[in-house]
Amino acid sequence: MSLEKIKVLQGEIEQFNITDKASLEQFRLAYLKREIPALMGEIKNIAPESRKEYGQAVNTLKTLAEEKFFSTQDALDTASAGSQTSGLDFTLPTIPHELGTIHPITLVRNRIVQIFERLGFAQADGPEIEDDWHNFTALNFPPDHPAREMQDTFFLEKNPDIALRTHTSSVQIRYMQAHKPPMRQIMLGRVYRNEAISARAHCFFHQVEGIYIDENVSLLDLKQTLYHFAKEMFGAGTTVRFRPSFFPFTEPSAELDISCGKHNPNGCSLCGGSQNICKGSGWVEIGGCGMIDPNVLENCGIDSEKYTGFAFGMGIERITMLKYQIKDLRLFSENDVRFLRQFATI
Ligand code: PHE
């Protein structure tokens, strides 16, 4: 009986193992060309009352064979295309991209800019290769000042008038020369000193300096500005201390210390409890400051009778070391990812 034959063929079609183009062709000839057309040709010999059932069964068988043929053909084509191009395995999992981290110096630099921008300070920039006038003379350095000597400054051998800037105060000079007060600027950048490299000193580091020049700018403005900065950078409980000091370009001058938290009820936050930074004193130095010497204003064409101003300068490495309890300055320039990765979530 023909319906039985259809059942047998259905089993054969399902079982038929197609592994390559040749067996695919065998399958096509056997079923799509021979067996199924033969079953179709039988329709006219089937009793009329069974014809409908028979016709449907043949059609279902045909669909089954065609589906198997076309899907296997597709799979074989894709496989051979893959091996022809490169033998690449597109199913391999991808190598995840690691996100980089922001360098701690950049993190702190950005925070410094943010704090001073809110106080109305804009940024000024200048060259790292400077002449003697901008780096020293205009800043009131006497001709025999030790900072001018070879052990502190990298001078150009062929032209000792040219040096790598030793501080960003040279940018203050350039800005004062080119602009009229009032001015409120910060200068950030890399500076160079001829020092032996150790955990506490390097031949280059970064500074942030600032100036505020207007009528009636006073020491009080200076103190309040730096006090605000210290609290924003190191936490609301931080206090500042101004220690009388000397810089050729400011008068009066002071070193700026911040409280390291030794006297805070929560303990010494900057030294990490060890007190090895403040040496038990409770204070750590973060920079210098003072009222701009009238000579410096005059050197830059600013009327010192009418205007006064303050200036300050701080080391960004120093602030970063205190903020994150980093003990060795060299870590900042070694590019060791084990160090840098720790700043991923900050
Ligand atoms: N230029 C000084 C330094 O490099 C820092 C400073 C800037 C001090 C401005 C006072 C005022 O050490």
Side-chain angles (χ1 to χ4, degrees), residues 109 112 116 119 121 123-128 130-142 145-149 151-154 163-177 183-195 200-213 217-227 229-230 240-258 284-297 299-300 302 304 307-319 321 329:
R109 182 191 200 282
I112 292 170
F116 282 108
L119 294 176
F121 285 80
Q123 286 185 61
D125 208 358
E128 294 186 13
E130 264 301 1
D131 53 44
D132 180 277
W133 194 81
H134 288 93
N135 199 78
F136 296 121
T137 307
L139 285 155
N140 225 14
F141 277 83
H145 194 281
R148 288 170 180 253
E149 278 171 25
Q151 65 263 35
D152 279 318
T153 309
F154 288 112
L164 293 176
R165 68 179 178 199
T166 58
H167 48 188
T168 43
S169 305
S170 55
V171 186
Q172 301 185 5
I173 297 297
R174 287 182 178 275
Y175 193 86
M176 286 191 269
Q177 281 184 299
M183 54 182 79
R184 222 180 315 181
Q185 304 295 130
I186 48 171
M187 306 69 193
L188 300 109
R190 191 173 277 190
V191 301
Y192 302 84
R193 295 197 191 164
N194 196 355
E195 305 234 18
R200 300 183 64 86
H202 212 295
C203 58
F204 67 82
F205 57 99
H206 298 79
Q207 279 190 330
V208 51
E209 297 212 3
I211 48 170
Y212 177 28
I213 304 173
V217 174
S218 73
L219 197 61
L220 189 65
D221 298 312
L222 168 63
K223 283 186 154 183
Q224 192 55 40
T225 303
L226 295 178
Y227 180 37
F229 168 78
V240 291
R241 183 173 81 167
F242 292 82
R243 251 182 316 115
S245 185
F246 173 79
F247 297 104
F249 36 89
T250 47
E251 180 59 36
S253 306
E255 306 281 357
L256 174 67
D257 293 347
I258 58 167
V284 287
E285 185 193 315
I286 61 164
C289 59
M291 299 305 292
I292 303 174
D293 192 301
N295 282 345
V296 175
L297 294 175
N299 285 342
C300 301
I302 294 174
S304 64
Y307 295 105
T308 50
F310 68 68
F312 61 85
M314 299 182 278
I316 301 181
E317 274 80 355
R318 177 90 178 142
I319 296 172
M321 288 170 96
L329 200 56

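Both ligands and their constituent atoms are indexed starting at 1 by order of listing. Because the structure is a prediction, the values reported are computed rather than measured.
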Per-pair distances, ligand 1 N/O vs protein N/O, less than 3.5 Å:
unit_1: ligand 1; atom_1: 1 (N); unit_2: His167; atom_2: ND1; d: 3.1
unit_1: ligand 1; atom_1: 1 (N); unit_2: Ser169; atom_2: OG; d: 3.0
unit_1: ligand 1; atom_1: 1 (N); unit_2: Glu209; atom_2: OE2; d: 3.0
unit_1: ligand 1; atom_1: 4 (O); unit_2: Arg193; atom_2: NH2; d: 3.0
unit_1: ligand 1; atom_1: 4 (O); unit_2: Gln207; atom_2: NE2; d: 2.8

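- His206 and Glu317 share a side-chain donor-acceptor pair at under 3.5 Å.
- Scanning all heavy atoms of the two residues, the minimum distance from Glu251 to Asp293 falls at CB-OD2, 4.1 Å.
- Considering Phe247, Phe246, Phe136 as possible partners of Phe141, the one that fulfils the ring-ring contact (aromatic ring centres under 6.0 Å, His included) test is Phe136.
- Aromatic rings of Phe229 and Phe121 (six-membered ring for Trp) have centroids beyond the 6.0 Å cut-off, not under it.
- With sequence neighbours excluded, no residue forms a side-chain contact (heavy atoms from CB on, under 4.5 Å) with Asp125.
- Arg165 places no side-chain N or O within 3.5 Å of a backbone atom of Asn135 that could act as its donor or acceptor partner.
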